Amino acid sequence: MADRHLISRVRRETRRRTLTVASVEPRGDILLRIWFVGDDLAGFVSDAPDDHVKLFLPDGEGGVVARDYTPRRFDAAAQTLAIEFALHGEDEDAGPATRWAMHAQPGDTLEIGGPRGSTIVADDFDWYLLIGDETALPAIGRRLDELRPEAEVIVLASIAHGSVRPELPGRARLTVQWLDRTSLQHAGAEFLDALDAMSLPDGEGFVWIAAEAAAARAVRTFVAETRGHPKSWIKASGYWVAGEMGAHTKIEE
Ligand SMILES: Cc1cc2nc3c(=O)[nH]c(=O)nc-3n(C[C@H](O)[C@H](O)[C@H](O)COP(=O)(O)OP(=O)(O)OC[C@H]3O[C@@H](n4cnc5c(N)ncnc54)[C@H](O)[C@@H]3O)c2cc1C
């Protein structure tokens, strides 16, 4: 059928919104879920689980920097928005967004913009393979919440060695494989080992990848070239770049 497996893009006008922290909730020891409230959330729309909003944060030197984060859960009736921050680095070497989240208290305010655009993946694939590191867990969690209940979902989640796993939403046909990432592994080696040992389900599937840019690129190459998965059914993004501040990469689709 011609209209199966549609992947469409929508654009939206954006405006800046000022939100107030309502609560801070640790999830395992690698994610902090922060709930925001505010009348400014009126009219907020996020069409896809891997949307992002821009957070505008103090850079510590009187300036402002922008960082991308996933709207993890939006409740239009209650006008609340949750964002989950992956915690990396100690206080002094964490980036501005992570540092802001580590110190956030109810009553603090934050300016956001977006989402400016969404990639909407049809909810008619037989299965979904969601691959990512800590920064991808919010988008993975949201997709687990939003996909139709009977879809088969496999999650490959890489977290730093020794971390406490955050709970993911449960589903009927869900397999979660946690990968223990040691500092000796580079460029997605843990994903490649796991994928090499994995047989993909029968039927047609969509593969979503988000992680450090070199890792995401290596995983995409493996899925597309080694496994021969159709490129149009893969979406890969570099959510951060090792050693670079505020960087992200769009990986060719
Ligand atoms: C579309 C999109 C959605 C995203 N959604 C989320 C989300 O929901 N939650 C989330 O936590 N992140 C998310 N990210 C990733 C987040 O934007 C980056 O991790 C960002 O760089 C963090 O900003 P920072 O100010 O803390 O650090 P930066 O100032 O950007 O970087 C400081 C240093 O920390 C390093 N660094 C950055 N991120 C990490 C990391 N995760 N682990 C280890 N080192 C790191 C950098 O390489 C740099 O050396 C998303 C990115 C994109 C593109």
Side-chain angles (χ1 to χ4, degrees), residues 9 14 24-36 46-61 63-74 81-104 110-119 121 130-145 157-163 166 168 179 181-183 185-188 190 208-217 235-251 253:
R9 291 192 173 75
T14 66
V24 181
E25 190 186 306
R27 307 201 52 242
D29 58 357
I30 50 173
L31 288 179
L32 264 188
R33 179 180 287 181
I34 301 191
W35 283 98
F36 295 91
S46 173
D47 296 286
D50 60 349
D51 279 352
H52 68 274
V53 288
K54 287 245 175 268
L55 311 188
F56 300 100
L57 302 138
D59 66 359
E61 293 165 5
V64 171
V65 292
R67 297 287 186 265
D68 293 344
Y69 280 78
T70 308
R72 170 64 183 86
R73 185 173 294 168
F74 174 59
L81 174 68
I83 294 179
E84 291 177 352
F85 295 78
L87 301 175
H88 64 91
E90 297 303 321
D91 203 14
E92 60 284 357
D93 53 36
T98 307
R99 200 173 322 121
W100 183 89
M102 284 169 166
H103 294 277
L110 176 69
E111 213 179 328
I112 71 162
R116 187 177 287 281
S118 306
T119 302
V121 176
L130 311 177
I131 303 173
D133 65 12
E134 291 86 344
T135 61
L137 290 174
I140 289 175
R142 184 165 156 192
R143 207 176 286 271
L144 293 175
D145 281 344
S158 162
I159 56 174
H161 177 69
S163 310
L168 288 175
L179 307 175
R181 187 182 64 243
T182 68
S183 56
Q185 287 164 320
H186 295 294
E190 76 280 21
W208 184 88
I209 304 158
E212 194 284 322
R217 193 171 290 113
K235 185 177 180 211
S237 314
Y239 267 19
W240 56 285
V241 179
E244 284 182 35
M245 293 181 70
H248 52 85
T249 327
K250 189 166 170 12
I251 294 172
E253 282 163 31

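The shown structure was predicted, so the numbers you read here are calculated from the model rather than taken from an experiment. Counting starts at 1 for both ligands and their atoms, in listed order.
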Discussion item. Less than 3.5 Å apart, any donor N or O on the side chain of S46 or R142 sitting next to an acceptor on the other?
Written reply: yes
Response to the item:
Note: W35 and E25 closest approach over all heavy atoms is NE1-OE1, 3.2 Å
Worksheet entry | Backbone N/O of F56 and side chain of E111: donor-acceptor pair under 3.5 Å | no
Fill in: Residue list, side-chain contact (heavy atoms from CB on, under 4.5 Å) with T14, at least two apart or on another chain
R116
For a distance cut-off of 3.5 Å, show me each N or O of ligand 1 paired with any protein N or O, plus the separation.
{"unit_1": "ligand 1", "atom_1": "5 (N)", "unit_2": "T70", "atom_2": "N", "d": "3.3"}
{"unit_1": "ligand 1", "atom_1": "5 (N)", "unit_2": "T70", "atom_2": "OG1", "d": "2.9"}
{"unit_1": "ligand 1", "atom_1": "8 (O)", "unit_2": "T70", "atom_2": "N", "d": "3.1"}
{"unit_1": "ligand 1", "atom_1": "8 (O)", "unit_2": "T70", "atom_2": "OG1", "d": "3.1"}
{"unit_1": "ligand 1", "atom_1": "9 (N)", "unit_2": "E84", "atom_2": "O", "d": "2.8"}
{"unit_1": "ligand 1", "atom_1": "11 (O)", "unit_2": "A86", "atom_2": "N", "d": "2.7"}
{"unit_1": "ligand 1", "atom_1": "14 (N)", "unit_2": "D68", "atom_2": "O", "d": "3.3"}
{"unit_1": "ligand 1", "atom_1": "17 (O)", "unit_2": "D68", "atom_2": "O", "d": "2.7"}
{"unit_1": "ligand 1", "atom_1": "23 (O)", "unit_2": "R67", "atom_2": "NE", "d": "3.3"}
{"unit_1": "ligand 1", "atom_1": "25 (O)", "unit_2": "R67", "atom_2": "NE", "d": "2.8"}
{"unit_1": "ligand 1", "atom_1": "25 (O)", "unit_2": "P96", "atom_2": "N", "d": "3.1"}
{"unit_1": "ligand 1", "atom_1": "25 (O)", "unit_2": "A97", "atom_2": "N", "d": "2.9"}
{"unit_1": "ligand 1", "atom_1": "26 (O)", "unit_2": "H88", "atom_2": "NE2", "d": "3.3"}
{"unit_1": "ligand 1", "atom_1": "26 (O)", "unit_2": "T98", "atom_2": "N", "d": "3.1"}
{"unit_1": "ligand 1", "atom_1": "26 (O)", "unit_2": "T98", "atom_2": "OG1", "d": "2.5"}
{"unit_1": "ligand 1", "atom_1": "29 (O)", "unit_2": "R67", "atom_2": "NE", "d": "3.4"}
{"unit_1": "ligand 1", "atom_1": "29 (O)", "unit_2": "R67", "atom_2": "NH2", "d": "2.8"}
{"unit_1": "ligand 1", "atom_1": "30 (O)", "unit_2": "R67", "atom_2": "NE", "d": "3.1"}
{"unit_1": "ligand 1", "atom_1": "30 (O)", "unit_2": "G246", "atom_2": "N", "d": "2.5"}
{"unit_1": "ligand 1", "atom_1": "38 (N)", "unit_2": "H88", "atom_2": "NE2", "d": "3.4"}
{"unit_1": "ligand 1", "atom_1": "44 (N)", "unit_2": "H88", "atom_2": "ND1", "d": "3.4"}
{"unit_1": "ligand 1", "atom_1": "47 (O)", "unit_2": "V241", "atom_2": "O", "d": "2.7"}
{"unit_1": "ligand 1", "atom_1": "47 (O)", "unit_2": "G243", "atom_2": "N", "d": "3.0"}
{"unit_1": "ligand 1", "atom_1": "47 (O)", "unit_2": "E244", "atom_2": "N", "d": "3.4"}
{"unit_1": "ligand 1", "atom_1": "47 (O)", "unit_2": "E244", "atom_2": "O", "d": "3.2"}

Worksheet item: Do R99 side-chain atoms and A94 backbone N/O form a donor-acceptor pair below 3.5 Å?
Response: yes
Worksheet item: Between L31 and P166, which heavy-atom pair has the shortest distance, and what is it?
Response: CD1-CG, 4.0 Å
